[in-house]
J.: 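My questions will all concern the structure given below.
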Amino acid sequence: MNYEIRELSHSEFMPLYSQYKDIVFEEDHSFVLWDLLSKKELESITSLKMEDGQRIYLALFTSENEFVGWSWGFQENPTTFYMCNSAVLEDHRRKGQYSALVERFISLLSQKGYQLVYSRHCCTNNAVIIPKLKHGFIISKMEVDDKFGVLIHLHYYFNKTRRKIMDYRSGQLKPDLEIKKIFNMDNE
């Protein structure tokens, strides 16, 4: 039997993919994000698709207008924002300023309608990891990076059901009725 690989357009590919995806992934224990979202959340994603690479830069100043810290990041896609880099100068640390930057970021991203914000940190950077965990971020994965070494990824989910699914996925939560419905486990 001879085979041929062809490049297809989106409109050519999707009917073929749709015909077989449920059969191939029948035992796949995943969900479709769009099925969890409210109408307002879906509208926000549509709006964020238009943004195309939005960046946010927050700067921290003293009452004397001295620049002492920052946090900045960028949109990866219509649902996800990456908090790329943050710092508070040493003389201004341990005064709640980093937590204030995190809170401002979460507030801004929530207003814009993002579904997920994440960051990556050296695994021993407790000065950053602990405030984010206290604010509701969760450890989602570890990475070994050639530039930065061992990194912890922290995720913040705006959608409460998605956050609950992470607790279920990690083994911290038994599936309740909502999760059973999402994963078609109603019959178990």
Side-chain angles (χ1 to χ4, degrees), residues 5-54 56 73-84 102-103 105-121 123 128-145 150-188:
I5 297 174
R6 295 183 216 152
E7 186 173 344
L8 303 178
S9 68
H10 179 77
S11 61
E12 292 169 323
F13 176 78
M14 288 313 291
L16 298 170
Y17 171 73
S18 297
Q19 181 180 352
Y20 293 104
K21 72 176 174 141
D22 290 337
I23 297 166
V24 172
F25 299 113
E26 180 180 25
E27 297 299 318
D28 183 295
H29 198 65
S30 61
F31 66 94
V32 177
L33 175 61
W34 317 122
D35 294 343
L36 298 181
L37 304 180
S38 68
K39 183 179 178 184
K40 182 178 183 218
E41 288 172 313
L42 291 169
E43 288 170 357
S44 292
I45 289 170
T46 300
S47 173
L48 287 166
K49 283 181 183 178
M50 311 292 179
E51 294 286 342
D52 190 31
Q54 179 181 54
I56 296 175
F74 56 89
Q75 176 186 16
E76 279 198 351
N77 59 53
T79 64
T80 305
F81 193 91
Y82 175 44
M83 283 181 74
C84 183
V102 171
E103 286 178 32
F105 240 120
I106 294 300
S107 176
L108 285 169
L109 297 174
S110 175
Q111 290 169 20
K112 291 180 179 295
Y114 284 97
Q115 290 298 308
L116 168 69
V117 57
Y118 81 97
S119 56
R120 301 161 55 219
H121 308 280
C123 67
V128 169
I129 295 169
I130 291 170
K132 280 194 168 168
L133 292 174
K134 285 181 177 179
H135 196 76
F137 280 77
I138 59 172
I139 297 171
S140 59
K141 57 184 157 181
M142 291 182 70
E143 170 188 10
V144 179
D145 182 78
V150 179
L151 300 173
I152 297 289
H153 287 235
L154 300 177
H155 283 188
Y156 184 93
Y157 294 97
F158 292 94
N159 182 285
K160 300 302 178 207
T161 302
R162 197 167 174 200
R163 171 61 167 88
K164 183 168 44 169
I165 289 170
M166 280 297 284
D167 284 340
Y168 161 66
R169 292 286 202 194
S170 70
Q172 183 168 297
L173 180 70
K174 283 186 183 180
D176 63 8
L177 292 176
E178 181 181 29
I179 290 174
K180 286 180 177 183
K181 184 177 178 186
I182 291 166
F183 291 110
N184 296 315
M185 299 173 1
D186 305 51
N187 303 331
E188 293 180 11

J.: What distance separates His121 NE2 from Met83 CE, expressed to the nearest 0.5 Å?
T.: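 Answer rounded to 0.5 Å: 7.0 Å.
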
J.: Just how far is it from atom CG of Asn159 to atom OG1 of Thr79, taken to the nearest 0.5 Å?
T.: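 It comes to 11.5 Å.
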
J.: Which label fits Phe183 and Tyr168: parallel for a plane angle under 30°, tilted from 30 to 60°, or perpendicular past 60°?
T.: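 Taking Tyr168 first and then Phe183, their aromatic rings sit tilted (interplane angle of 30° to 60°).
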
J.: Check for me whether the distance between the ring centres of Phe74 and Phe81 falls short of 6.0 Å.
T.: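 No, the ring centres sit 6.0 Å or more apart.
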
J.: Taking side chain as C-beta onward, heavy atoms only, is Ile106 less than 4.5 Å from Tyr156?
T.: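 They are in side-chain contact.
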
J.: So does Gln54 get a backbone contact from the side chain of Gln75, meaning a donor-acceptor N/O pair under 3.5 Å?
T.: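 Yes: the side chain of Gln75 pairs with the backbone of Gln54.
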
J.: Out of curiosity, Asp176 CG to Met185 CE, how far, rounded to the nearest 0.5 Å?
T.: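 Output value for this atom pair is 9.0 Å.
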
J.: Measure across Asn77 and Tyr114 and return the closest heavy-atom pair with its distance rounded to 0.1 Å.
T.: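 Nearest heavy atoms, Asn77 then Tyr114: O-CE2, 4.0 Å.
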
J.: For Asp145 versus Glu143, what's the shortest heavy-atom pair and its separation?
T.: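 Looking at all heavy atoms of both residues, the shortest contact is OD1-OE2, 3.6 Å.
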
J.: Considering only heavy atoms from C-beta outward, does the side chain of Leu154 approach that of Val128 to under 4.5 Å?
T.: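 Leu154 does not reach Val128 side chain to side chain.
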
J.: Can you give me the closest heavy-atom contact between Phe105 and Gly73, atom names plus distance?
T.: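 Closest pair (atom of Phe105, atom of Gly73, distance): CZ-N, 3.9 Å.
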
J.: First locate atom OG1 of Thr161, then atom CD1 of Ile182, and finally report the distance between them rounded to the nearest 0.5 Å.
T.: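 Rounded to the nearest 0.5 Å, the OG1-CD1 separation comes out at 5.5 Å.
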
J.: Taking all atoms of both residues into account, what is the closest heavy-atom pair of Ile138 and Tyr157, and its distance?
T.: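 Looking at all heavy atoms of both residues, the closest pair is CD1-CE1, 3.9 Å.
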
J.: Taking side chain as C-beta onward, heavy atoms only, is Tyr82 less than 4.5 Å from Arg120?
T.: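 They are in side-chain contact.
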
J.: Quick one: are Ile129 and Phe137 in side-chain contact, heavy atoms under 4.5 Å?
T.: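 Ile129 vs Phe137: side chains apart.
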
J.: List for me each residue that meets side-chain contact (heavy atoms from CB on, under 4.5 Å) alongside Ser140, sequence neighbours excluded, and say none if there are none.
T.: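 With sequence neighbours excluded, Ser140 shows a side-chain contact (heavy atoms from CB on, under 4.5 Å) to His153, His155, Met166, given in chain and number order.
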
